[in-house]
Amino acid sequence: MYKILRREDLNSQVVLMEIEAPIVAKKCKAGQFIILRVNEEGERIPLTVADYNREKGTVTIIFQIVGKTTQILAEKKEGEYIQDFLGPLGKASEIEGKKVAIIGGGLGCAIAYPQAKAFHEAGVEVDLIAGFRNKDFVILEEEMKKACNRLHIVTDDGSYIEKALVTNKLEQLINEGNEYDLVIAIGPLVMMKFVCLLTKKYNLKTIVSMNPIMIDGTGMCGGCRVTVGGETKFACVDGPDFDGHLIDFDEVIRRSKMYSIEERQSMEDHKHKCNLEGMH
Amino acid sequence: MANMSLKKLPMPEQDPLVRNKNFEEVALGYTAEMAIEEATRCLNCKNKPCVSGCPVNVKIPDFIAKVAEGKFVEAYEIISETSALPAVCGRVCPQESQCEGKCIRGIKGEPVAIGRLERFVADYVMLNGGAKVTKAEPNGHKVAVLGSGPAGLTAAGDLARMGYDVTIFEAFHKAGGVLVYGIPQFRLPKEIVQKEVDKLIAMGVKVELNVLGGKAITVEELFEMGFESVFVGTGAGLPIFMNIPGESLNGVYSANEFLTRINLMKAYKPEYDTPTKYHKVVAVVGGGNVAMDAARCAKRLGAEVHVIYRRGMEEMPARAEEVHHAQEEEIIFDTLCNPVQVLGDENGNVSGVECIRMQLGEPDERGRRRPIEIPGSNFVLPVDAVIMSLGTSPNPIMKEYTPGLETNKKGCIVANEDGLTSIEGVYAGGDAVTGAATVILAMGAGKTAAAAIHKYLSEK
């Protein structure tokens, strides 16, 4: 059992939890992920490590409430426990280059943030572009500011700082003469796809972080396979970071929807059950 | 006077057309009377060929003699001297090619039902208060075991019996390895695996779940933590796909994924959250025991199931008993054909599998007749799921995080006959060394390594 030491709502949909998990905290690095199971009947879900504290032995996860598992996880309070917490899994991000652009889209900022921090701490110049739907969805602004040289927040509707898409912002920065060795894009699959289309035009190496369906996270099930440059790779042991220009995004998007009907049903059943219990 | 019946006493089973709709155990086991009757078929012959056929050398005639006398607990104690997992072995060992394959009674008629008797004895003891567990006098030495599958459990059990302070590190949230994620409930109830694990815990073995041994805690760190020897029983690894078009379509699974969803995550039970699809027509590609398990699980979820195998029924590597059970359960065998591509609909879901017919040519280097494609014989089998059961390739994690650990061309860990790897004090066994093999071979390797570790630490 793994204790929830801190729980914070970052916005109405996104929750931060600091979990006591000393073995994971001891050596996890930016880009790696964990797999957790909330309770005995729960499913195993992968979440990328958002932060860690080696001294305290804690790992921070940030997740969006999208289905039953994240819903019941969000319902857990400080001091309560999570059943299982395995990690670190996957390969750590390679920290290289002199100047990089890191892009986070929505919840993807929770993963872009530790990557930016790792690059920044290694002395790499970091431009961090963080895109959100609107003002209400902005997360981690203070943390991100400290993890880069320049933070560019953009919103789809212009309700906060600047109305732009992350791709517009990146193109603007490139056109202003910024020369990046590397672009890292983390966010919704469609966003990553369009960032890659853009950076391909500029011949700019781009790394994306995949978070596909998986069960064990150790290479056994093969559910997380992605086609990279025509080869089958397993996100859990070969990734989760991959060269974005080699990924078949349409395939990844299709595979991510494999259980959407079951997931929706499961969420509805859960809500229904909660309503019934609430009537007592 | 021995019972001279030429046939094994049949073991009661669930009716095939009932059991193919539930996950309850297929074989129901002998009653005490049946066990005694079958035990009297053993001739207690002098040279005991059955014992040499057993990878862990269970004293078979000795335990069977006790069964014949109705002394089941004593029989259990004899098995336990050499086998850590009697209830498991009695169910999943390929006895026909091991102990029973060597039985003198098998020359004329059927061999003694050694597997069924072992199972009976183990179940009898479990039902009647469990095995008597004695904690050995601690010898003050710590050994780490990576992986809690059959190799790891056996090594841990043997070492604990010799007084070692053993800690098992398991990546999953449940101990048992392939016994819990791979082999289905209807062949090996998970409650039985848990009881075997509990027995080890009662013997003093510590089990640390959710720890990916070798990575979260590296071998080097284990030595720093005071472990004097490490046994690596991390099992087989990455599922193999065919590299044909359409394998990334929704509805194509590895057998590992499909079985793990059902067995470990219990996706077939409504109270568990892991989703599984209830497919209508499923093709399982492959002819091994894992393919049989996948096919029989798919059937139990309500599908029409086809096993697609490129050779004939005769060449199928699965145990005859598993194939027979699958056939009884109305699984369709499409042999002598091989998939060339998986077809999908406009939403990217599997809609069929295109196969080509095969014929058998000259024997290959292993003596099996090579399958050859018959040009122009392609046909489409309409299915909505394809389960690839073609074996696994070794998991790269151990090698990646253990400097100096030698692996062979295929990626399997190199170990000598004692299980010793290229690193002093580090032993390995089971599928991590051999590639995908059987439960009992992994147990044999765990046993050998435990003895070698004891010798190494005693002489150190």
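In what follows, chains are A, B, ... by sequence order, proteins preceding strands, each numbered from 1. What you are looking at is a predicted structure, and each value in this text was computed from that prediction instead of being measured.
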One option among B/Pro275, B/Gly235, B/Ala255, B/Gly251 has the most heavy-atom pairs under 4.5 Å with chain A, and it is B/Pro275
Sequence neighbours excluded, the answer for ring-ring contact (aromatic ring centres under 6.0 Å, His included) partners of B/Tyr253 is B/Phe258, B/His279
Interface check, chain A: of B/Val252, B/Asn349, B/Leu238, most non-hydrogen pairs under 4.5 Å belong to B/Leu238
Within residues 58-65 of chain A, the residues sitting under 4.5 Å from chain B by heavy atom, in sequence order, are none
Whatever's closer than 4.5 Å to a heavy atom in chain B on A/Arg255 counts as both
When the 4.5 angstrom heavy-atom criterion is applied to B/Thr218 and chain A, the contacting part is both
Which side-chain N or O atoms in residues 208-215 of chain B pair as donor and acceptor under 3.5 Å with protein atoms at least two apart or in another chain?
residue  : atom : partner : partner atom : Å
B/Asn210 : ND2  : A/Tyr2  : OH           : 3.4
B/Asn210 : ND2  : A/Asp84 : OD1          : 2.8
B/Lys215 : NZ   : A/Gly90 : O            : 2.8

Comparing B/Thr274, B/Leu249, B/Asn256, B/Asn250 against chain A, the one with the most heavy-atom pairs below 4.5 Å turns out to be B/Asn250
Note: A/Gly219 and B/Asn395 closest approach over all heavy atoms is CA-ND2, 4.3 Å
Is there a side-chain contact (heavy atoms from CB on, under 4.5 Å) between B/Asp273 and A/His270 once you walk through the steps? CA-CA 10 Å; B/Asp273 290 336; A/His270 177 67; over 6 Å; no
Residue from B/Met265, B/Met388, B/Lys174 scoring the most non-hydrogen pairs under 4.5 Å with chain A is B/Met265
Sequence neighbours excluded and cut-off under 3.5 Å, please list the side-chain donor-acceptor pairs for residues 41-48 of chain A, or say none.
residue : atom : partner  : partner atom : Å
A/Glu43 : OE2  : A/Thr69  : OG1          : 2.7
A/Arg44 : NE   : A/Ile215 : O            : 2.8
A/Arg44 : NH1  : B/His173 : ND1          : 2.9
A/Arg44 : NH2  : A/Asp216 : O            : 3.3

